[in-house]
Amino acid sequence: PVRISYHERLWNALKKDLPYRSAIARATILDDLYGLTRAGHKKATTLLSFLGGYRGATDYIVCSEVASSLAGLEQVLENADADAKNALHAFARSLLQFAAHKLGWEEAPNEPHLTRLLRPLMLGAMCDHGDDETIKESHRRFLGHHHGSESIPANFRSVVFSAVASTGGVHEWNMLV
């Protein structure tokens with residue numbers, strides 16, 4: 001793919017202009033910056049600063065790109081100290097929180113398809129970045145499912161099972177297998 005690398009002054013102008021750009025343009029700009037960062041042409045701090053402009057995003061294509069960029073940054077920090085990882089997770093939660101809380105866990109009747117796709121993406125990302133409230137809700141739903149009192153909708157199963165597998169103990173693991 002072709003990546004567009006702007007002069008630092010233009011990146012700053014684009015960052016200020018983000019709210020006025022289409023969802024596709026915002027996603028493409030972020031994808032370019034993430035690709036340039038992975039290739040070593042831009043600093044991770046530039047990407048992190050730019051990501052702050054996506055706080056409150058609710059468009060599927062934009063949120064998908066934000067979640068993907070955050071997951072990629074997490075891989076970069078794989079061997080970093082705990083403080084750096086915790087800072088990234090806190091930053092990620094602050095970016096994703098608005099969309100995750102707005103969407104919640106319950107689907108509305110006749111909800112648009114992209115909203116149905118966005119909900120598990122945001123809830124899964126919140127779990128991946130250690131959001132206690134979302135993880136607790138995943139555990140609650142899992143236990144209800146395990147005891148037969150609650151059904152987990154198909155599009156949430158991977159979110160719930162992944163959260164339980166990664167944050168639960170031996171007891172939960174044995175319930176999963």
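Basis for what follows: all heavy atoms, side chains included, without hydrogens, waters or symmetry-related copies.
Residues Arg140 and Glu137 are paired through a salt bridge, judged by an N-O separation under 4.0 Å between the basic side chain and the carboxylate. For the pair Glu106 and Arg141, the salt-bridge criterion is met [side-chain N within less than 4.0 Å of a carboxylate O]. Residues Lys85 and Glu78 are not paired through a salt bridge, judged by the lack of any N-O separation under 4.0 Å between the basic side chain and the carboxylate.
For the atom pair CG of Leu18 and CG of Leu30, the computed distance is 8.5 Å after rounding to the nearest 0.5 Å. Atoms CE and SG, on Met122 and Cys127 in that order, are 11.5 Å from each other to the nearest 0.5 Å. Taking CE of Met126 as the reference point, atom CG of Leu103 lies at 11.0 Å (rounded to 0.5 Å). Here the NE2 atom belonging to His129 is positioned 5.0 Å from the CG atom belonging to Leu70, to the nearest 0.5 angstrom. Note that the CG atom of Leu47 and the CG atom of Leu51 stand 4.5 Å from one another [nearest 0.5 Å].
Take Phe91 and apply the ring pair (Phe, Tyr, Trp, His ring centres under 6.0 Å) test, not counting sequence neighbours, and it matches no residue. Under the ring pair (Phe, Tyr, Trp, His ring centres under 6.0 Å) criterion, Phe98 pairs with no residue, sequence neighbours left out.
Hydrophobic cluster membership of Val76, counting Ile, Leu, Val, Met, Phe, Trp and Tyr whose side-chain heavy atoms lie under 4.5 Å apart directly or via other members: none, as it forms a cluster of its own. Residue Val170 belongs to no hydrophobic cluster, having no ILVMFWY side-chain heavy atom closer than 4.5 Å to its own. Ile135 shares a hydrophobic cluster with no other residue; no ILVMFWY side chain has heavy atoms under 4.5 Å from its own. With side-chain heavy atoms closer than 4.5 Å counting as contact, directly or through intermediates, the hydrophobic cluster containing Phe161 also holds Trp105, Leu123, Phe142, Leu143, Ile152, Phe156, Val159, Val160, Val164, Trp173, Met175, Leu176, Val177.
Between the side chains of Gln97 and Asp131, no donor-acceptor pair is found at a separation under 3.5 Å. Between the side chains of Lys15 and Ser49, at least one donor N or O sits under 3.5 Å from an acceptor N or O.
In this structure, Leu73 and Ala44 approach most closely via the heavy-atom pair CD2-CB, 4.2 Å. Residues Leu95 and Gly52 approach most closely at CD2-CA, 3.9 Å, considering heavy atoms. Residues Glu8 and Thr46 come closest through the heavy atom pair OE2-CG2, 3.7 Å. The minimum heavy-atom distance linking Asp128 with Glu74 is given by the pair O-OE2, 4.4 Å.
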- Item | Residues Asp132, Lys136; criterion salt bridge (charged side-chain N to carboxylate O under 4.0 Å, His left out); working and verdict | CA-CA 6 Å; Asp132 290 334; Lys136 284 178 188 173; 5.8 Å; no
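Using modelled atom types, one side-chain atom of Thr167 and one backbone atom of Ala163 make a donor-acceptor pair closer than 3.5 Å.
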